[in-house]
Student: 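Dropping a structure here in C-alpha cells format, bear with me for questions.
Order of appearance sets the numbers: ligands from 1, and atoms from 1 within every ligand.
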Amino acid sequence: MAIKHLKYGKPETERQEDDAKVRKIVEDTLSDIAARGDKAVRELSAKFDNYEPQSFRLTASEIEAAMSKVSARDMEDIRYAQQQIRRFAEAQRASMTDIEIETEPGVFLGHRNIPVQSVGCYVPGGKFPMVASAHMSVLTASVAKVPRIIASAPPQNGEPHPAIVAAMQMGGAHEIYVMGGMQAVGSMALGTESIAPVHMIVGPGNAFVAEAKRQLFGRVGIDLFAGPTETMVIADETAADAELCATDLLGQAEHGYNSPAVLLTNSEKLARETMAEIERLLQILPTAKTARASWDDYGEVIVCDTYDEMLEVADDIASEHVQVMTDRDNWFLDNMTCYGALFLGPRTNVANGDKVIGTNHTLPTKKAGRYTGGLWVGKFLKTHSYQRIETDKAAAEMGAYGSRLCMLEGFVGHAEQCNVRVRRYGGKNVPYGTAAE
Ligand SMILES: NC(=O)c1ccc[n+]([C@@H]2O[C@H](COP(=O)([O-])OP(=O)(O)OC[C@H]3O[C@@H](n4cnc5c(N)ncnc54)[C@H](O)[C@@H]3O)[C@@H](O)[C@H]2O)c1
Ligand SMILES: [Zn+2]
C-alpha cells in the first residue's frame, strides 16, 4: 500500500485551535442575544455589517423595491435554477410516503411525515452574496410545506441584496430579514422582541454560523453541520487533465481563506502538472487572494497506487464535494460511503451543483458526511409513528405479552397498563401487580 502526500495542509492541531477560538466567541454572542435580544442584535449588526436599519425585517414594499432592481436576465436565471431545484425536491418528497400496516390481526402501525412548523433559513453573504442558498433552503422548505419560513441574509453595502431578496420571495419565504452571521442565526433560533423564534435553523455559512447552529442544536433543530466549503477531486489520467483538476480545486478554494481542496489521484504526473497549473491560474484568477490562502493552508495532494486506496482515503476525508473523473466513476458511486455529494464525470462540476443543476448545495463539512447527507426536503419532515388496536382479541393478546415483558423488567405500573386491557377486553382475571398468563 502506498499513499504519498505531495502537499499537506495545516496540521490538525492548528485547525483545532482555530475551532476553539470560534467556539468561545459564538458561546458569548449567543448568551448575549439570549439576554439582551434586539439590542444585542443591533450592536452586532453595527459592528460586523455596519448596518443599523429601523427594522431588520423587510416590509412588502421594501421587498418589491429590492426585486425591481433585479434585471430580467437575472430573474429568468433565478427562475430556471428554482425550477430545477423544485423538480428534484418534489421527486424526493414523493419518495417519502406515509405508511400504515397491519402487523398482527387487528394491530395497526404507521408513520406520518409532518413538516417542521417553522424554520429559519440562513443565506450567507459575507464574501459573496449567495443567492443560490435561498433556493436551497427556502424553496426546499416550501416543497416540504413548512407553514412558516423565515429567511435572513446579511446586507451588502448597507442594503438588502436585490437578487437574494428575489430568490427568497420567489422561493416562498413568509418573512425576510437583513441580518448576518451569528446574530441572524441566534435571533431566529432564540427569538427577540421583534422576531418570533423558529423550531429549526437551516442553511450554510462561515465557521461562526456553523458553530452557532451546532451550539443551538437541542434547543432548536438544525439541518446539519454545513461550514466552510470543502472540495475533493478524484482523478486519473484517462478522464482528466491538469486544467480540469486545477480549475475544480481553485473554483471551490475561492469560497474563503479556509476552504480545503484535495486532489486524490493515482498519477504522480497528473498531480505534479495540476500543482503547476494551480500556480499558473493563481496568477490570473481575480479571486486568487482567498483561493491562494485556502490552497496554501488547506490544500492537499495525495497520490495512491490503486483505486481501492483512493476509495479508502476519500471515505476517510469525507469531503463535502467530491468530483470524480476516472475510468470508473460509477464504481466510486457504488462504493463510496462518506461524502457530501458526488459529481460524476468531467462533464459536470461542483459549480453546477452549487448554483443550478437541482441537487441541494447545503452539504456536510468537517467529516459530517460520515453520519449525514446534505439538506433535502426530508430534513424538513419529521417522521412520527402511531399505533392502533382495533379488536378486543388483539388488545388482550398484545396486552398479555406486554404485561409479562414489563414484569420481566420490574415495571409493575407499566404492566398494569397492559393488565387493565387484558381484564377489560379479554375478560381475564389478572390480579393487580402480576403478569398476565
Ligand atoms: N457547507 C455548505 O453547504 C456551504 C454552502 C455554501 C457556502 N458555504 C460556506 O459559507 C461561508 C460563507 O461565509 P461568509 O463569511 O462569506 O458569509 P456568512 O454570511 O456566513 O457570514 C458573514 C457574516 O458574518 C459576520 N461577521 C463578519 N465578521 C465577523 C467576525 N470577525 N466574527 C464573527 N462574525 C463576523 C457578519 O455579520 C457577516 O454578515 C463560506 O465559508 C462558504 O464556503 C458552505
Ligand atoms: Zn461553491
Side-chain angles (χ1 to χ4, degrees), residues 18 21-30 32-33 41-51 56 121-137 151-158 160-161 164 177-187 202-213 222-231 248-261 287 290-291 293-294 298 319-321 323 339-341 343 349-357 359-369 372-376 379:
D18 294 345
K21 282 184 207 144
V22 171
R23 263 203 305 277
K24 175 79 177 80
I25 292 170
V26 170
E27 229 169 70
D28 295 347
T29 306
L30 292 179
D32 192 28
I33 295 173
V41 174
R42 283 199 164 275
E43 285 172 19
L44 290 158
S45 179
K47 176 175 167 191
F48 290 126
D49 293 315
N50 200 14
Y51 183 62
F56 288 104
C121 302
Y122 184 66
V123 175
K127 204 159 200 55
F128 300 95
M130 297 204 51
V131 179
S133 292
H135 325 321
M136 303 300 171
S137 299
S152 188
Q156 305 288 318
N157 309 315
H161 188 273
I164 290 184
Y177 296 85
V178 182
M179 301 183 292
M182 307 175 280
Q183 58 275 25
V185 171
S187 59
V202 303
N206 62 21
F208 297 96
V209 168
E211 175 60 18
K213 284 170 59 190
I222 64 169
D223 49 354
L224 59 137
F225 191 86
T229 300
E230 305 164 352
T231 207
D248 286 344
L249 291 165
L250 291 181
Q252 297 301 316
E254 82 175 354
H255 265 288
Y257 59 91
N258 56 355
S259 280
T287 53
T290 40
S294 275
Y298 295 90
S319 181
E320 180 196 357
H321 303 104
Q323 169 89 36
Y339 55 89
F343 303 77
N349 71 88
V350 174
N352 276 347
D354 273 356
K355 310 299 174 202
V356 65
I357 208 165
T359 51
N360 207 293
H361 83 191
T362 301
L363 297 165
T365 60
K366 286 194 177 273
K367 293 187 188 282
T372 183
L375 180 56
W376 70 295
K379 292 265 184 195

Student: To the nearest 0.5 angstrom, please state how far the CG atom of L363 sits from the CZ atom of F225.
Tutor: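 L363 atom CG to F225 atom CZ measures 13.5 Å (nearest 0.5 Å).
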Student: For the OG1 atom of T229 and the CD atom of Q252, what is their distance to the nearest 0.5 Å?
Tutor: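 With rounding to 0.5 Å, OG1 (T229) is 6.0 Å from CD (Q252).
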Student: Dump the intermediate steps for side chain to side chain contact (heavy atoms under 4.5 Å, CB included) on I33 and V41, then the final yes or no.
Tutor: CA-CA 7 Å; I33 295 173; V41 174; 4.3 Å; yes
Student: Check whether any side-chain N or O of T29 sits under 3.5 Å from a backbone N or O of I25 as a donor-acceptor pair, and report yes or no.
Tutor: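 Yes, T29 side chain to I25 backbone: donor-acceptor pair under 3.5 Å.
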Student: Using the rule given for side chain to side chain contact (heavy atoms under 4.5 Å, CB included), can you reason through M130 versus H361, listing the C-alpha separation, both sets of side-chain angles and the distance that settles it, and then say yes or no?
Tutor: CA-CA 11 Å; M130 297 204 51; H361 83 191; 4.0 Å; yes
Student: What's the verdict on side chain to side chain contact (heavy atoms under 4.5 Å, CB included) for D354 and H321, showing C-alpha distance, side-chain angles and the deciding distance?
Tutor: CA-CA 10 Å; D354 273 356; H321 303 104; 3.7 Å; yes
Student: Let me see the working for Q323 and N349 under side chain to side chain contact (heavy atoms under 4.5 Å, CB included), right down to the final yes or no.
Tutor: CA-CA 7 Å; Q323 169 89 36; N349 71 88; 3.8 Å; yes
Student: About how many Å separate CD of E211 and NZ of K21, when rounded to the nearest 0.5 Å?
Tutor: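 So the NZ of K21 and the CD of E211 are separated by 14.5 Å.
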Student: Rounded to the nearest 0.5 Å, what separates atom CG in L44 from atom CG in D32?
Tutor: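 Reported to 0.5 Å precision, the distance equals 6.5 Å.
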Student: Can you count the protein N, O or S atoms that lie less than 2.8 Å from the Zn ion (ligand 2)?
Tutor: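 Protein N, O or S neighbours of the Zn ion (ligand 2) under 2.8 Å, waters not counted, come to 3.
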Student: Show me, by chain and number, every protein residue that has a heavy-atom distance under 4.0 Å to ligand 1.
Tutor: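 Residues within 4.0 Å of ligand 1: F48, D49, Y122, P124, G125, G126, K127, M130, P154, G180, G181, M182, Q183, P204, G205, N206, F208, V209, A226, G227, P228, T229, H255, E320, H361, T362, L363, T365.
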